[in-house]
Amino acid sequence: MTKHAKTAAPDRPEAASLPLTVLSKRADFLRAARARRAPCEGFLLQARQRGEDEPKTGIRVGFTCSKKVGNAVARNRAKRRLREIARMILPELGQDGWDYVLIGRAEKTAWRDFAALQNDLRYALAKVHGGCK
């Protein structure tokens, strides 16, 4: 094996080896809006398990911020932060075959402490998947 060969970490969940796919179709966002919700201080998480007629592998994630979040600079900052926490947390705690949508909150997402945003996502995933009440 060469020093550049990739090896799978044995202690990581199987979903961690799957790449995150970004949702882009409005229909996917609307399906997630009708599913489970977990409000947090920094954002709102919507999550759903995909149906029988959809691909069952991989984690899909979408991001959205309305104009209530602020001007374009604030919305883009909020979405960048949401993308980064999703990139860090979802491969570990997200479940294969699920769609997640992170919705930014006005005056919260763009300026909340980054570690607190990460903890918010961990809490929201546990709540959506039945880990806490």
Side-chain angles (χ1 to χ4, degrees):
M1 184 178 342
T2 66
K3 72 176 192 177
H4 296 291
K6 288 187 176 182
T7 58
D11 58 338
R12 303 229 8 212
E14 186 176 319
S17 63
L18 300 171
L20 296 178
T21 304
V22 178
L23 295 175
S24 59
K25 295 185 180 175
R26 185 173 190 268
D28 292 329
F29 283 88
L30 293 176
R31 279 189 220 108
R34 292 189 302 267
R36 299 177 184 180
R37 294 171 180 236
C40 297
E41 182 72 23
F43 58 88
L44 171 69
L45 174 72
Q46 297 174 335
R48 75 176 193 98
Q49 190 169 16
R50 281 182 237 131
E52 297 296 323
D53 57 335
E54 297 175 283
K56 290 289 186 188
T57 59
I59 297 172
R60 300 191 313 180
V61 61
F63 310 95
T64 185
C65 291
S66 72
K67 288 189 176 183
K68 291 179 186 177
V69 173
N71 62 12
V73 174
R75 289 193 307 271
N76 288 334
R77 177 182 165 89
K79 284 192 279 189
R80 278 195 312 269
R81 291 167 60 88
L82 291 175
R83 279 193 294 269
E84 185 61 18
I85 64 167
R87 185 191 67 78
M88 295 172 72
I89 306 294
L90 282 179
E92 292 178 27
L93 301 177
Q95 292 188 8
D96 196 21
W98 281 70
D99 291 345
Y100 302 97
V101 175
L102 284 79
I103 302 173
R105 291 192 175 216
E107 301 177 8
K108 300 281 184 172
T109 308
W111 310 112
R112 186 161 167 79
D113 180 58
F114 193 73
L117 279 177
Q118 290 175 322
N119 290 332
D120 287 347
L121 184 55
R122 287 184 186 100
Y123 168 79
L125 288 170
K127 187 174 179 183
V128 163
H129 294 303
C132 68
K133 296 180 183 182

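Only this structure's heavy atoms are used, side chains among them; waters, hydrogens and symmetry mates stay out. Throughout, numbering of the chain's residues begins at 1 and tracks the sequence.
- Ion pair D99/R31 not flagged as a salt bridge, since none of the NZ, NE, NH1 or NH2 atoms sits closer than 4.0 Å to an Asp/Glu carboxylate oxygen.
- Atom CD of E84 has more than 12 heavy atoms from other residues, nucleotides or ligands within 6.0 Å.
- Using a 4.5 Å cut-off between side-chain heavy atoms of Ile, Leu, Val, Met, Phe, Trp and Tyr, with links allowed through other members, L44 and F114 fall into different hydrophobic clusters.
- Atom CD1 in I59 sits 6.5 Å away from atom CG in D96 (nearest 0.5 Å).
- In this structure, Y100 and A47 approach most closely via the heavy-atom pair CD2-CB, 3.6 Å.
- Of all non-hydrogen atoms in R75 and S66, the two that sit nearest each other are CD-O, 3.2 Å.
- Between I85 and L102 the shortest heavy-atom distance is CD1-CD2, 4.1 Å.
- Both F43 and M88 are members of a single hydrophobic cluster when ILVMFWY side chains are connected at heavy-atom separations under 4.5 Å.
- When L93, L82, I89 are each tested for a side chain to side chain contact (heavy atoms under 4.5 Å, CB included) with L121, only one passes: I89.
- For the pair R37 (side chain) and Q46 (backbone), a donor-acceptor distance under 3.5 Å is absent.
- Across all their heavy atoms, V69 and A74 have their closest contact at O-CB, 4.1 Å.
- Side-chain atoms of D120 never come within 3.5 Å of backbone atoms of C40 as a donor-acceptor pair (strictly under, hydrogens ignored).
- If you take CZ on R60 and CD on E54, they are separated by 5.5 Å, rounding to the nearest 0.5 Å.
- By the criterion of side-chain heavy atoms lying less than 4.5 angstrom apart, applied directly or through intervening Ile, Leu, Val, Met, Phe, Trp or Tyr residues, L23 is not grouped with L90; the two fall into different hydrophobic clusters.
- When every heavy atom of R105 is checked against every heavy atom of P39, the shortest pair comes out as NH2-CB, 3.4 Å.
- L20 and V128 fall within the same hydrophobic cluster, where Ile, Leu, Val, Met, Phe, Trp and Tyr residues are linked whenever their side-chain heavy atoms come under 4.5 Å apart, directly or through other members.
- For the pair R36 (side chain) and Q49 (backbone), a donor-acceptor distance under 3.5 Å is absent.
- For NZ of K108, the number of neighbouring non-hydrogen atoms (other residues, nucleotides, ligands) closer than 6.0 Å is 12 at most.
- Considering OG1 of T109 and CD of E41, their distance stands at 9.5 Å, rounded to 0.5 Å.
- Counting all heavy atoms, side chain and backbone alike, L125 lies closest to G94 at CD1-N, 4.4 Å.
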